[in-house]
Amino acid sequence: MGLCKCPKRKVTNLFCFEHRVNVCEHCLVANHAKCIVQSYLQWLQDSDYNPNCRLCNIPLASRETTRLVCYAPRKVYDTRDDDRTPGLHGDCDDDKYRRRPALGWLARLLRSRAGSRKRPLTLLQRAGLLLLLGLLGFLALLALMSRLGRAAADSDPNLDPLMNPHIRVGPS
């Protein structure tokens, strides 16, 4: 294990064979996309490395590469002709490994369902939406109060006719 030299200073097992430094996952994506990266123990066993592609024996730095999950860089073979379509690019998302909120997936799902083209609501639509939300809130408050009120009335001795001395129930 070693300490990455970037500002994040993360402890890591990954080691760049070309630059001979420990690299965290962030640095691996950002600065060592075309480097041979394996574990530090692998470096200690065998420090020799081949910077060429294992399939065609062309240097990895000469063409576009993509890093696989196993941290092995491979060349990207793009069969499209036009340059306007988005191609496969290395992962350069700085926030790739940061913690996400627990319900972040739900927020992304709701945002994607809303559509990409949104029109602002008119004044009448806003008023209608506000009125509908207010009505729903009022009905929820009524339901809550009636439920709580009934529970208190069931155990109230003042409302029990058998406890009232002025009310006679049954034969006397």
Side-chain angles (χ1 to χ4, degrees), residues 1-137 140-141 144:
M1 285 190 137
L3 193 63
C4 183
K5 304 290 187 238
C6 76
K8 295 183 186 267
R9 296 281 190 203
K10 291 191 175 186
V11 176
T12 180
N13 282 330
L14 301 176
F15 190 78
C16 176
F17 281 35
E18 269 184 66
H19 299 105
R20 296 182 179 167
V21 293
N22 291 311
V23 292
C24 65
E25 292 171 336
H26 172 74
C27 291
L28 175 70
V29 171
N31 305 330
H32 300 270
K34 296 184 180 187
C35 298
I36 305 297
V37 176
Q38 293 182 0
S39 72
Y40 183 67
L41 294 175
Q42 185 72 28
W43 167 259
L44 291 176
Q45 291 173 359
D46 183 19
S47 62
D48 292 337
Y49 71 96
N50 184 3
N52 297 335
C53 175
R54 292 182 184 178
L55 298 174
C56 63
N57 210 21
I58 295 176
L60 290 170
S62 67
R63 306 244 342 243
E64 185 179 0
T65 58
T66 300
R67 186 162 300 280
L68 303 177
V69 176
C70 61
Y71 303 124
R74 297 285 186 256
K75 282 191 300 186
V76 175
Y77 293 98
D78 192 5
T79 58
R80 291 173 290 197
D81 291 333
D82 59 335
D83 293 333
R84 289 175 289 141
T85 57
L88 295 173
H89 300 292
D91 190 3
C92 58
D93 183 10
D94 291 338
D95 295 335
K96 180 177 179 181
Y97 298 105
R98 83 173 161 87
R99 284 193 181 267
R100 305 272 194 269
L103 296 177
W105 61 272
L106 181 62
R108 282 192 309 274
L109 179 69
L110 292 175
R111 249 185 278 131
S112 69
R113 296 242 185 226
S116 60
R117 203 176 64 112
K118 285 188 174 182
R119 294 179 321 180
L121 295 176
T122 64
L123 186 61
L124 185 61
Q125 288 173 331
R126 286 183 192 170
L129 183 62
L130 188 61
L131 184 66
L132 179 67
L133 288 175
L135 181 67
L136 286 175
L141 184 66
L144 179 70

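For the numbers below, each heavy atom of this structure counts, side chains included, while hydrogens, waters and symmetry mates do not.
For Asn31, the side-chain contact (heavy atoms from CB on, under 4.5 Å) partners are Cys27, not counting sequence neighbours.
Here the CZ-CG distance, from Phe17 to Asn50, works out to 12.0 Å after rounding to the nearest 0.5 Å. The CZ atom of Arg108 sits 10.5 Å away from atom CG of Leu103, with the distance rounded to the nearest 0.5 Å. One distance of note links CG of Asp48 with CD1 of Ile36; it measures 12.5 Å at 0.5 Å rounding. Rounding to the nearest 0.5 Å gives a distance of 7.0 Å between CD of Glu25 and NZ of Lys10. With values rounded to the nearest 0.5 angstrom, Arg20 atom CZ is found 7.0 Å from Tyr49 atom OH. Put simply, OG on Ser39 and CG on Asn22 are 10.5 Å apart, with the number rounded to the nearest 0.5 Å.
Annotation for Leu132: atom CG counts as buried by contact number, over 12 foreign heavy atoms lying within 6.0 Å.
Considering all non-hydrogen atoms of both residues, Arg9 and Cys4 come closest at NH1-O, 3.6 Å. Here the closest heavy-atom approach between residue Leu14 and residue Thr12 is recorded as N-OG1, 3.0 Å.
Using the six-membered ring where Trp is involved, Trp43 and Phe15 have ring planes that are tilted, between 30° and 60° apart.
A 4.5 Å side-chain heavy-atom check between His32 and Val21 finds at least one atom pair inside the cut-off.
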